[in-house]
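Structure first, then comments.
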Amino acid sequence: MSDNYQENINRNTLLFGKDIEERIVGTHQISENKVRLYIRNGNAVESRDESYYPFFFLSEEMLLDGFAPANDEKYWLIKLQGGNFYRFLAIFKSQYNYRNALDYVASKSRSSSDEENDSGFPSNLTYSRGDAVTQFLLQTGKTLFKGMVFEDLYRMQLDIETYYKPEKSTRSKVSIGSDPIIIISLSDNRGWEHVIHTKEISEKELLLELVKIIRLKDPDVIEGHNIFSFDLSYIQRRCELHGVALRIGRDGSEPRSYPASIRFAERSIDYPFFDIAGRHVIDTFFLVQNYDVAKRSMPGYGLKVAAKFFGFASPDRTYVEYSEIADLWDKNPERLLDYALDDVRETEQIAALLSGNNFYMTRMMPYTYAQTSRMGPAAKIEALFVREYLKEKHSLPKPEIGQQHTGGFTEVFLKGILGPIVYADVESLYPSIMLSYDICPKSDERRIFPKILTDLKDLRFEAKKSAKEEKKKGNNALANNYDAMQASFKILINAMYGYLGFSIGIFNDYEEADRVTTTGQEIARRMIKEFESRGCKVIEVDTDGILFVPPPHIQSKKDEINLVEEVSSVMPKGITIGYDGRFRKMISYLKKNYALLDYDGTIKLKGSSLISRSGEKFGREFIRKGFEKLLDEDVQGLHDLYVSYKEMILNHQWAIDDFSRTETLKNTMEQYTADTESGKRPRSITYELALKRNLSVNKGDRITYYVSGSGLQSSHYDKGRLADEWNRSKPDENTQFYLKRLDEFTQKFLPFFKPQDFSSIFSSDTLFSFSPEGIELIKEIRHKETDSVDDDDIPF
DNA sequence: AGCTGTGGCAGGGAGG
DNA sequence: CCTCCCTGCCAC
């Protein structure tokens with residue numbers, strides 16, 4: 001794979017090398033607005049005259065080969081890799097203040113005497129894929145002018161309802177465009193709301209009305225929850241069926257859609273991207289998921305769940321089940337219209353909360369707002385590099401082949417039920433190391449890496465300061481904007497380390513990535529040693545954070561803070577340890593798996609073995625409640641809990657949500673069948689179920705299922721049933737299987753008891769009544785000696 | 001086509 | 001049974 005990939009780079013790379021200019025053999029100015037560029041492989045490129053914009057001439061052909069501006073020989077724009085449009089725009093933005101450029105374009109278009117067109121752009125400007133300048137201008141539109149703040153964007157929200165009659169009650173996917181659209185609800189960020197529906201007009205008229213409204217309101221941004229995969233795809237399909245031209249672009253063009261994908265940590269989602277000329281389409285579904293990558297605290301990503309999570313859902317909000325929509329439309333349409341409006345209102349609030357950082361990021365990126373919103377951070381870092389290199393007329397390197405070898409230091413020293421607990425962590429560990437230890441990729445001959453990092457750090461500092469000042473003055477709106485700004489800097493700062501080890505980043509450097517992580521490990525060891533030497537019992541260390549029990553004479557919070565500050569003061573220059581919280585108790589279970597009991601009584605569980613969403617809900621609850629009992633040292637309560645769960649399972653006294661499991665399908669069905677048939681991967685219950693039920697599933701889809709049948713066999717992959725198929729009055733879930741699952745969950749409590757105590761607690765044997773008498777909790781288990789932390793060769 | 005990294009645990013199928 | 005290997009999910 002990697003060999004193929006390298007070959008691909010070589011084939012697609014036109015101008016990589018020591019110096020870009022070496023490949024340019026000559027330019028010839030044909031007229032004021034035309035230039036011919038000759039490059040070494042013999043291709044001659046003639047520019048087109050783009051009279052409305054004198055700075056650049058870009059065309060499809062030029063994108064393929066390269067171009068030079070007519071009036072200024074200093075600037076070159078070179079194609080680097082197939083399809084990597086963004087690498088061009090880096091220079092486009094960096095050489096000229098693009099906001100001024102856009103002001104210029106806007107003034108031109110305003111003065112053009114063109115009455116037919118209400119878009120603000122000349123109508124002779126046709127929108128086509130290859131025309132980079134046109135595309136750039138139309139996409140950016142008038143939305144990113146100098147001095148703008150996020151609130152200045154005119155944002156419109158859109159949501160559709162379709163007439164879906166559930167036939168067989170399975171939640172199998174509805175295919176795009178199969179049912180008519182009955183309601184389109186719209187709102188904007190200035191308090192306007194509007195709903196159109198098919199009680200009075202036909203679906204075709206509804207679609208025409210939508211086009212009319214969008215063109216009349218002329219929003220800069222169109223927002224929706226799952227708008228790419230659902231609303232826009234659906235609207236487009238219905239328009240096709242009715243022969244309606246969806247002319248919602250600022251130049252009157254129809255949306256251009258192409259397959260794209262987006263990644264959230266380990267998951268990758270395919271979706272059709274919609275490019276609407278002159279506007280930016282923002283999917284709040286992606287914003288929400290991106291938010292949760294860092295936080296990992298949301299119960300789900302649907303609009304309703306997200307709105308509740310962020311506290312936007314109004315108490316009298318209308319809720320309608322997906323399967324009820326058609327029925328409700330026939331019987332009580334008013335309620336459905338209310339529901340539809342609630343959707344757009346919530347979408348607006350989510351976007352307002354989560355879009356600010358993308359907006360401010362766009363100002364420093366050679367991408368449009370829409371692109372910035374759906375792009376990963378590594379590509380953004382690279383854009384900053386490319387901008388600087390092109391500005392300095394320096395060539396760009398190829399990615400290095402290889403891999404990173406090390407990561408963070410993780411160790412558990414003590415297991416059990418421990419307390420009191422102090423949590424401390426190194427502030428911005430990797431960025432601090434990169435700054436203090438002069439990290440820079442070797443291919444970065446101009447040494448841009450440290451410069452970008454320092455600049456971003458300073459910018460963030462300034463933005464944070466401004467946010468604070470504005471807040472003090474009571475300017476909350478402005479303070480929020482500065483806060484969004486500093487958040488966007490933070491995202492980039494944190495992504496810079498990841499970029500070093502990014503396999504196709506052109507400035508990657510695995511050795512430097514390793515140098516960051518190994519330095520981080522050394523710092524972690526040093527931190528352990530310093531806390532230990534001050535009488536602390538270190539429990540767990542993970543990368544940059546440490547959990548420990550302070551010595552007995554450290555009692556108050558203030559003492560704890562002083563202790564952390566003392567250790568911080570002996571750390572290497574540029575490395576600061578911050579006090580990050582205190583807890584009454586904790587349960588240390590495994591690496592990256594523990595429970596924390598706050599002083600206000602709340603419990604936080606961490607780690608995949610304790611809170612994994614792939615497990616059954618009843619299991620997670622059982623563990624959570626059990627850990628509560630454990631923290632209370634309530635052995636009787638633990639036993640009672642076990643017995644009550646066992647009875648619940650035996651008597652089927654539960655709901656489908658309690659025992660169903662939801663899994664994400666990471667591969668396509670084709671990939672799965674190919675892999676299983678070749679023996680490359682084992683069969684999996686979710687894919688098998690999708691095959692059996694003939695569900696049309698895509699990569700990234702989630703299936704909720706349970707295990708049916710009776711008895712325990714070695715494999716259950718053919719015993720799955722869809723959650724919707726479960727019937728409370730005729731429960732057919734596999735009781736033995738779920739009892740076995742309960743016993744698997746009880747294993748989490750194994751380390752805290754003697755074996756015979758453990759088996760008497762987790763037994764419902766009624767012959768002998770259970771008594772907690774004599775059962776002792778194992779509170780402290782030495783798992784690893786801190787002495788083994790070797791710090792002899794720490795080069796400080 | 002586009003893509004930030006490593007470390008760690010659980011679960012399940014397959015095969016010895 | 002046990003081990004191996006893969007996937008999915010999570011911590012940082």
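The sequence lines fix the lettering, A, B, ..., with proteins before strands; numbering per chain opens at 1.
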query = Starting at CD of A:Gln403 and ending at C1' of B:dT6, how long is that distance when rounded to a whole Å?
reply = 11 Å

query = A:Tyr497 has an atom OH; how far is it from atom C1' of C:dC12, in whole Å?
reply = 10 Å

message = The side chain of A:Phe502 is closest to which nucleotide in this list: B:dA10, B:dG11, B:dC3?
response = B:dC3

query = Do the side-chain N or O atoms of A:Arg661 get closer than 4.0 angstrom to the phosphate oxygens (OP1, OP2) of B:dG12?
reply = yes

request  = Scan side-chain atoms only and decide if A:Tyr423 and A:Arg582 contain a donor-acceptor pair under the 3.5 Å cut-off.
outcome  = no

Donor-acceptor pair between A:Thr662 and A:Thr704 side chains, under 3.5 angstrom = yes

key: Interatomic distance where CG belongs to A:Leu596 and P belongs to C:dA11 [whole Å]   = 12 Å

message = Counting the atoms with a prime plus P, OP1 and OP2 as sugar-phosphate, which does A:Thr406 contact under 4.0 Å by heavy atoms, base, sugar-phosphate, or nothing?
response = sugar-phosphate

ask   = Starting at OH of A:Tyr589 and ending at C1' of B:dA10, how long is that distance when rounded to a whole Å?
value = 9 Å

request  = Nearest whole angstrom, please: distance from the P of B:dT6 to the OH of A:Tyr499.
outcome  = 16 Å

query = Do any side-chain nitrogens or oxygens of A:Lys592 fall under 4.0 Å of OP1 or OP2 in C:dC9?
reply = no

inquiry  = What contact category does A:Ser608 fall into here, base, sugar-phosphate, or nothing, at under 4.0 angstrom with non-hydrogen atoms?
reply    = base

remark   = Side-chain atoms of A:Glu744 come closest, of C:dC12, C:dC9, B:dG12, to B:dG12

ask   = Where the side chain of A:Asp544 is defined as all heavy atoms beyond and including C-beta, which of C:dC12, B:dG12, B:dC3 is the nearest nucleotide?
value = C:dC12

task = Using a heavy-atom cut-off of under 4.0 Å over every strand shown, decide if A:Arg741 touches base, sugar-phosphate, or nothing.
result = sugar-phosphate

task = Verify the contact: side-chain N or O of A:Tyr594 to OP1 or OP2 of C:dC10, cut-off strictly under 4.0 Å; return yes or no.
result = no

request  = Would you check, one step at a time, whether the test ring pair (Phe, Tyr, Trp, His ring centres under 6.0 Å) holds for A:Phe548 with A:Phe413?
outcome  = CA-CA 10 Å; A:Phe548 61 86; A:Phe413 299 103; over 10 Å; no

request  = Only counting residues at least two apart or in another chain, list the ones meeting side-chain contact (heavy atoms from CB on, under 4.5 Å) with A:Asp542.
outcome  = A:Thr410, A:Glu540, A:Lys592

query = Per the atom types in the model, does the base of B:dG7 pair as donor or acceptor with the side chain of A:Thr410 at under 3.5 Å?
reply = no

request  = To the nearest Å, give me how far apart CG (A:Leu605) and P (C:dA11) are.
outcome  = 10 Å

request  = Could you work out the separation of C:dA11 and B:dT4 based on their C1' atoms and round it to a whole Å?
outcome  = 16 Å

key: Proximity to the side chain of A:Gln404 - top-ranked nucleotide from B:dA10, C:dC12, B:dT6   = B:dT6

request  = Looking at every strand, decide which applies to A:Tyr687 at a 4.0 Å heavy-atom threshold: base, sugar-phosphate, or nothing.
outcome  = sugar-phosphate

Interatomic distance, A:Lys604 NZ vs C:dC12 C1' [rounded to whole Å] = 15 Å

Set of side-chain contact (heavy atoms from CB on, under 4.5 Å) partners for A:Glu511, sequence neighbours left out = A:Lys442, A:Asp509

task = For A:Gln289 and C:dC10, give me the distance from atom CD to atom C1', rounded to whole Å.
result = 16 Å

ask   = Do the side-chain N or O atoms of A:Lys591 get closer than 4.0 angstrom to the phosphate oxygens (OP1, OP2) of B:dG8?
value = yes

query = A:Gly407 near the nucleic acid: base, sugar-phosphate alone, or nothing, with a heavy-atom cut-off under 4.0 Å?
reply = sugar-phosphate

query = Can you say whether the rings of A:Phe228 and A:Tyr271 are parallel (under 30°), tilted (30 to 60°) or perpendicular (over 60°)?
reply = tilted

